[in-house]
Amino acid sequence: MSRLGKKPITIPEKVKVELKNGILEVSGANGKLSQAIDERINLKIEKTEILVEQKTESKEANVMQGLIRGLICNMIEGVTNGYKKELELNGLGFKSVISGKNITLTVGYSHTVTLEIPEGVKVVAGMTQDKIPTLTITGADKQKVGAFAAEVRAVKPPEPYKGFGIRYVGEKIIRKAGKAAAGSKK
């Protein structure tokens with residue numbers, strides 16, 4: 001059996017948890033999230049904790065127990081504190097403009113790239129002290145925040161020679177030497 005799946009999940013004071021027709025709804029200060037619960041899993045919701053149990057003993061049910069417990073923990077964390085991803089636009093003339101539900105990126109192509117911001121995700125453009133444009137992506141749903149951050153990064157991933165591109169704040173890019181260093185080895 002999954003040892004982590006057996007651990008109870010504590011419910012914070014200002015979070016409301018309900019199970020209706022196989023769908024778990026968690027609501028709190030940052031919004032409301034819902035998750036379908038697999039039929040192999042049984043939830044016991046008490047006032048201060050949730051216990052995730054298997055209905056039958058099988059490998060699939062064991063896997064689902066740990067997965068559902070992890071998803072519920074992420075939902076509770078999301079509605080209480082929220083999730084945040086920060087990106088840097090590193091390159092000459094790189095910038096971002098947010099207008100309504102769209103974000104327009106100018107990242108060295110001959111055209112601008114426009115992405116639609118998903119519902120439940122908030123994007124704020126800013127600058128670092130070194131005048132590097134940044135994007136801060138926040139939201140209650142961990143999956144949506146991470147997926148949109150990855151989608152933005154995929155527009156122009158950092159290249160290994162000069163490091164230009166969109167990267168996560170603090171991401172280490174492995175740099176290559178280039179042609180000049182390769183020619184000096186003779």
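We use all heavy atoms of the structure for the numbers below, so side chains are in, but hydrogens, waters and symmetry mates are not.
- Transitive grouping of hydrophobic side chains (ILVMFWY, heavy atoms separated by less than 4.5 Å) keeps L71 and Y83 in distinct clusters.
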Take L43 and I72, measure what side-chain contact (heavy atoms from CB on, under 4.5 Å) needs, and give me the verdict at the end.
-> CA-CA 11 Å; L43 293 181; I72 294 170; 3.9 Å; yes
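- Between the R167 side chain and the L87 main chain, no donor and acceptor come within less than 3.5 Å of each other.
- From K162, atom NZ reaches atom CZ of R175 across 9.5 Å, with rounding to the nearest 0.5 Å.
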Could you please spell out the steps behind the side-chain contact (heavy atoms from CB on, under 4.5 Å) verdict for R69 and L4?
-> CA-CA 8 Å; R69 185 191 181 280; L4 189 60; 4.2 Å; yes
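- Distance check, rounded to the nearest 0.5 Å: CD1 of I9 to OG1 of T48 gives 12.0 Å.
- Rounded to the nearest 0.5 Å, atoms CG (L135) and NZ (K85) are 14.0 Å apart.
- Judged by distance alone, with hydrogens and angles left aside, the side-chain atoms of E88 form no donor-acceptor pair with the main-chain N or O of N90 at under 3.5 Å.
- Considering only heavy atoms from C-beta on, K14 stays 4.5 Å or farther from T80 through its side chain.
- Under the 4.5 Å side-chain heavy-atom criterion for grouping Ile, Leu, Val, Met, Phe, Trp and Tyr, V121 is not connected to V79 through any hydrophobic cluster.
- Counting only distance, with no hydrogens or angles, the side chain of K55 and the backbone of E39 share a donor-acceptor pair below 3.5 Å.
- Across P158 and G163, no two heavy atoms sit closer than the pair CB-O, 4.3 Å.
- Rounding to the nearest 0.5 Å places OG1 of T10 at 7.0 Å from CD1 of I76.
- For the pair K156 and F164, the cation-pi criterion (under 6.0 Å, within 45° of the ring axis) is not fulfilled.
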Check the pair I166, L105 against side-chain contact (heavy atoms from CB on, under 4.5 Å), reporting the backbone distance first and the verdict last.
-> CA-CA 10 Å; I166 302 172; L105 300 169; 4.2 Å; yes
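- Remark: of the listed residues K44, K6, R40, K44 is the sole one forming a salt bridge (charged side-chain N to carboxylate O under 4.0 Å, His left out) with E53.
- Residues K20 and I23 are not in side-chain contact: their nearest non-hydrogen atoms beyond the backbone lie 4.5 Å or more apart.
- The same ILVMFWY cluster, assembled from side-chain heavy atoms under 4.5 Å apart, contains both I98 and L89.
- I103 and V113 fall within a single hydrophobic cluster, where Ile, Leu, Val, Met, Phe, Trp and Tyr side chains are chained together by heavy-atom contacts under 4.5 Å.
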Check against side-chain contact (heavy atoms from CB on, under 4.5 Å), K142 and V145 = CA-CA 5 Å; K142 185 176 186 177; V145 170; 6.0 Å; no
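- Put simply, CG on L33 and CD on E77 are 11.5 Å apart, with the number rounded to the nearest 0.5 Å.
- Remark: side-chain polar atoms of D130 are not paired, donor with acceptor, to backbone N or O of I132 under 3.5 angstrom.
- Taking all atoms of both residues into account, the shortest heavy-atom contact from F148 to L115 is CE1-CB, 4.4 Å.
- The same ILVMFWY cluster, assembled from side-chain heavy atoms under 4.5 Å apart, contains both L19 and V15.
- Residue L67 holds its CG atom at 13.0 Å from CD of E60, rounded to the nearest 0.5 Å.
- The pair K101-E116 fails the salt-bridge criterion, with no side-chain N (NZ, NE, NH1 or NH2) lying under 4.0 Å from an Asp/Glu carboxylate O.
- Using a 4.5 Å heavy-atom threshold, the side chains of L24 and I45 count as touching.
- Between the Y168 side chain and the R153 main chain, no donor and acceptor come within less than 3.5 Å of each other.
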